[in-house]
Amino acid sequence: MVTEQLNSNDIYNLISEIPDPEIPVITIKDLGILRDVKEINNEYIITITPTYTACPAMGMIEDQIKEILAAKGITKVKVVLTYTPAWTTDWISQEAKLKLKNYGIAPPHHSSCNKMFTAIEIVACPRCNSSHTSLISKFGSTACKALYQCSDCKETFDLFKCH
Amino acid sequence: MTTKDAIYKYTLRLGDNALILGHRLSELCSRGPILEEDLALTNVSLDMIGRAQALLKYAAEVEAAGKTEDDLAYRRPEINYYNNLLIEQPNGDFAHTMARQLFLSVFENLFYTELEKSKDTTLAAIATKTIKEIRYHKQHAIDWTLRLGDGTAESNKRMQAAINNLWMYSGELFEMDVLDTYLLHQHIAVDAAPLKALWQKEINDVLTEAKLATPADSFMQTGSKKGIHSENLGHILSEMQYLQRAYPDATW
């Protein structure tokens with residue numbers, strides 16, 4: 001089997017399109033989960049970082065990376081998990097924030113706010129843009145989300161929490 | 001005691017707090033008082049299990065005896081667990097669950113802020129990662145303490161009872177033994193003793209606002225740093241370790 005000659009950049013581009021298992025409209029690159037690809041002694045070292053410490057998607061993302069590269073004949077792959085620098089919502093690209101909104105998830109407001117989470121913060125409804133929304137639950141369907149409801153269109157929606 | 005041995009045991013202590021609380025809170029899955037709380041408590045549980053995984057993995061690396069984080073989680077006898085006694089106390093009613101969350105998350109917020117400065121880069125990185133989750137847990141616990149304390153006569157009575165019942169397990173959080181001091185001198189461990197006054201002030205402020213009385217300092221239960229536990233831990237382990245004991249090496 002003839003293996004294509006791929007450099008680290010090619011590998012990065014190949015795997016950067018992997019969708020997040022929980023929010024399939026954005027990729028692991030959009031989210032800032034994919035950190036780095038290095039080639040050392042013909043082995044590719046791929047560094048990823050979890051959004052939350054217990055993010056259950058990590059194992060699946062690792063499998064998908066290996067699967068995609070195996071299809072290209074690349075098997076010497078090591079996926080490394082790093083905690084530094086710690087992931088924050090700053091790592092989410094502007095483009096991805098728009099994709100989140102279109103998907104029905106209110107994107108995180110701004111940078112990683114290291115302050116306490118407060119319910120006073122105004123969150124715009126991703127469906128009708130109304131600012132008449134209220135917090136239903138600080139904890140939502142996944143670790144990174146909180147549950148809100150819009151008082152105008154009455155829909156409940158997720159907020160991607162500032163982290 | 002070498003530095004390596006000390007870091008191993010220090011990391012185990014931190015990891016065990018996360019592991020056992022993660023398990024305790026997971027017991028509430030599908031048993032939360034309302035759906036939102038069911039989600040909240042299991043989300044906190046998940047954060048704890050994630051932290052336990054990171055810490056126990058590091059402990060296994062430091063020990064370098066070919067073990068994994070799962071070996072450490074599932075294959076130690078009770079006396080080799082070092083979680084604080086507060087952690088293993090039963091969920092009780094919702095007030096007890098929240099009082100335990102309040103005591104611990106206020107402590108962890110202080111503790112992990114210091115651990116971020118540790119010279120051990122892995123512990124510092126895990127602290128930076130986990131501190132944001134702790135702040136969220138803390139706000140959740142404070143909200144409920146205020147709501148229950150400043151709620152009905154019944155909710156106030158129950159919250160006060162929970163605060164009183166768990167108080168004697170709070171002193172242990174600030175103990176420093178030989179191992180802690182040894183690592184403190186190397187700028188690896190956190191000096192927990194001075195955190196006690198800060199903790200007491202924060203707790204007192206929350207309880208006062210919640211119209212609850214802060215218990216007077218009295219007898220404090222201790223033992224977990226030596227692996228001496230209340231009877232509760234054995235019950236937790238018999239359930240948590242069941243699968244690995246019945247079917248060793250089972251995977252899925």
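Lettering follows sequence order; numbering is per chain, from 1.
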Trainee: Crowded around A:Lys29 NZ? As in, over 12 foreign heavy atoms under 6.0 Å?
Mentor: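 No - once you tally the heavy atoms of other residues, nucleotides and ligands closer than 6.0 Å, there are 12 at most.
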
Trainee: Chain B: which of A:Cys55, A:Ser137, A:Pro85 shares the most heavy-atom pairs with it under 4.5 Å?
Mentor: A:Ser137

Trainee: What residues of residues 36-50 of chain B make heavy-atom contacts with chain A at a cutoff under 4.5 angstrom?
Mentor: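 So far as heavy atoms go, B:Glu36, B:Leu39, B:Ala40, B:Asn43, B:Val44, B:Leu46, B:Asp47, B:Gly50 are the residues that approach chain A to under 4.5 Å.
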
Trainee: How would you list, in number order, the residues of residues 42-53 of chain A that have a heavy atom less than 4.5 Å from chain B?
Mentor: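 So the qualifying residues are A:Pro50, A:Thr51, A:Tyr52, A:Thr53.
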
Trainee: Looking only at heavy atoms, what is the nearest atom pair of A:Trp87 and B:Lys129, with distance?
Mentor: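 A:Trp87 and B:Lys129 have their closest heavy atoms at CB-NZ, 3.6 Å.
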
Trainee: Given that the side chain runs from C-beta out, which part of A:Ile136 has a heavy atom under 4.5 Å from chain B: side chain, backbone, both or neither?
Mentor: both

Trainee: Under 6.0 Å from the CZ atom of B:Arg13, do we count more than 12 heavy atoms belonging to anything else shown?
Mentor: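 Buried by this count: over 12 neighbours within 6.0 Å.
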
Trainee: Looking at B:Arg147, I want to see if its CZ is surrounded by more than 12 non-hydrogen atoms of other residues, nucleotides or ligands under 6.0 Å.
Mentor: no

Trainee: CD of B:Glu209: more than 12 outside heavy atoms within 6.0 angstrom?
Mentor: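 Open: at most 12 neighbouring heavy atoms sit under 6.0 Å from CD of B:Glu209.
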
Trainee: With side-chain contact (heavy atoms from CB on, under 4.5 Å) as the test, pick out the partner of A:Tyr83 among B:Ile126, B:Thr128, B:Thr121, B:Thr130.
Mentor: B:Ile126

Trainee: Has B:Lys57 got more than 12 heavy atoms of other residues, nucleotides or ligands less than 6.0 Å from its NZ?
Mentor: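 Counting other residues, nucleotides and ligands, NZ of B:Lys57 stays at 12 neighbours or fewer.
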
Trainee: Return yes when atom OH of B:Tyr74 has more than 12 non-hydrogen atoms of other residues, nucleotides or ligands closer than 6.0 Å, and no otherwise.
Mentor: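 No, because the 6.0 Å sphere around OH of B:Tyr74 holds 12 heavy atoms or fewer from other groups.
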
